[in-house]
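Everything on this sheet refers to the single structure shown next.
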Number of protein chains: 2
Amino acid sequence: MSETPPVPDTRNTAPPAPRRRVNRRDQILRTAAEVFATQGFHNTSLADIAAMLDITPAGVLHHFGSKTGLLTAVLELRDDTEPAPEGGPMLDHLVTTAERNSERPGTTQLYAVLSAESATENHPAQDWFRDRYTILRRDIEGAVLDRLDPEHRGAAGAPGPDGRSAAGAAAAAVIAVMDGLQVQWLLDPEAVDMAEVTGLVIDALVARLSQEG
Amino acid sequence: MSETPPVPDTRNTAPPAPRRRVNRRDQILRTAAEVFATQGFHNTSLADIAAMLDITPAGVLHHFGSKTGLLTAVLELRDDTEPAPEGGPMLDHLVTTAERNSERPGTTQLYAVLSAESATENHPAQDWFRDRYTILRRDIEGAVLDRLDPEHRGAAGAPGPDGRSAAGAAAAAVIAVMDGLQVQWLLDPEAVDMAEVTGLVIDALVARLSQEG
DNA sequence: GTCTATAGATTGATAGAC
DNA sequence: GTCTATCAATCTATAGAC
């Protein structure tokens, strides 16, 4: 998963090559992520990516087999600098993430645009995002329960007749807020503060689940 | 704005033609809305739409001038059966809307997919969605304030140093939740109940704004 | 008002050179 | 391992027939 492949030992005293680009594949990956983010997947051509690297579209395809293969590789390339904590602190981490997202429009746009685009027929990233949401909901549901007083934990965690718990609904809500805010923010950065609103919703939901239903 | 053009007076006693398709333009509009919803805008070709109507792509273009013109016309075609109420009841109406959206995946998908896609460079629907969000935030902010006790209304409505009020943050949150839930629901309809979660968030936010900050 | 024929550019991908 | 030449399919849009 590391982005840092082994560097050949040149055993010279010359200053180390300034973080030389390792191989073409990684270079293409970064460029593709950037262009998919700003243009979406379907609206991006292999020629767009190839042009930025001064090669032909087929040069790109060589490394990934198909345009879909390239997309899959881009999605796998998560740049989580810090690992997400477990349990209650995870909710604070989400606010921090929202704050960080405000400072990296590229990555924010990549996932905001692609997640919605994946909800179209036969989109190659559909399974990837469906699985991602399933895992996120489960983890955040746990984090919400962790934040509640033990006395409320039972009711909030108990699945209803539809198999979904109140904490699960809150988890879906938190993810949805973060996603929805990204679109609003990308269209109009001055209009919303993603971190502030995310924090507000988390606080409100935790407080709500700490009351009698 | 009406979708019902004047019908020629035939003055006969024959049963009225059973809501006959009025003109080709409307027919194309409906078809385009359907295909844009399931495939997104950029991934839809004029040929896709034309094929469903058994005409050539140019036949489609005749009525709208360009593919972008067609998209604009589709967005203008809102199918709001019931008008949205003003003030506090608007929040209940949003829950009803979420419920109704669960029963019309096509329309839901249209706006969910296109709104995120519009956040890409030079997308023709960008202004349309930016304006739509601005208006929605303002209206829902008003609805939230309307729901609060008069004693809390001042604090929640007062703009902070960034020009945004707590009620405005709540409004952005409500819209974001509804949007984000749509993507999760489109990818996995069993996993979330859009109306339930929307209601939960609205209740939680209103309760939160009714407390001391 | 409605549409087809056709153009001109661009697409993703294969085959094969180095 | 890296890439170019090339292809067949598909794209939007113009020009003009009916």
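All chains are named by letter (A, B, ...) in the order of the sequence lines, taking the proteins before the strands, and each is independently numbered beginning at 1. Since the model is a prediction, treat every value here as computed from it, not as a measurement.
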Comparing A:G65 with B:V60, nearest DNA chain C nucleotide closer to 5' gives the residue B:V60
Practice prompt. Check whether any side-chain heavy atom of B:L209 lies under 4.5 Å from a side-chain heavy atom of A:L200, and answer yes or no.
Written response: yes
Side-chain atoms of B:A47 come closest, of D:dT12, D:dC11, C:dT11, to D:dC11
From CG of B:N43 across to C1' of C:dG12 the rounded distance in Å is 13 Å
Original post:
Do B:V192 and A:R137 touch side chain to side chain, with heavy atoms closer than 4.5 Å?
Top reply: yes
Whole-Å distance, A:H42 NE2 to D:dC11 C1', equals 14 Å
The nucleotide from D:dT4, C:dT4, D:dT12 with an atom nearest the side chain of A:A58 is D:dT4
query = Which part of the nucleic acid does B:L46 contact within heavy-atom distance under 4.0 Å: base, sugar-phosphate only, or nothing?
reply = sugar-phosphate
* When all nucleic acid strands are considered with a 4.0 Å heavy-atom cut-off, which category describes B:T68: base, sugar-phosphate, or nothing? -> nothing
* Asked: With side chains defined as the heavy atoms from C-beta onward, is the minimum distance between B:L91 and B:I140 less than 4.5 Å?
  -> yes
Hey, does A:F36 have a side-chain heavy atom less than 4.5 Å from the side chain of A:V74?
yes
Between CG of B:L61 and P of D:dT14 the distance, given in whole Å, is 8 Å
Atom CD1 of B:I49 and atom P of D:dT10 are separated, to the nearest Å, by 17 Å
Quick note, B:T56 side chain, CB onward, closest among C:dT4, D:dT14, C:dA13 is C:dT4
- Ring centre gap for A:H123 and A:F129 strictly below 6.0 Å: no
Atom CZ of A:R25 and atom C1' of D:dC3 are separated, to the nearest Å, by 16 Å
From CD1 of B:I28 across to C1' of C:dC3 the rounded distance in Å is 10 Å
Atom CG of B:D54 and atom P of C:dT4 are separated, to the nearest Å, by 9 Å
Atom NZ of B:K67 and atom P of C:dT10 are separated, to the nearest Å, by 15 Å
A:H63 vs D:dC3: side-chain N/O to OP1/OP2 distance below 4.0 Å = yes
*asked:* If the cut-off is 4.0 Å, is B:R24 near the phosphate of C:dG1, judged by side-chain N/O to OP1 or OP2?
replied: no
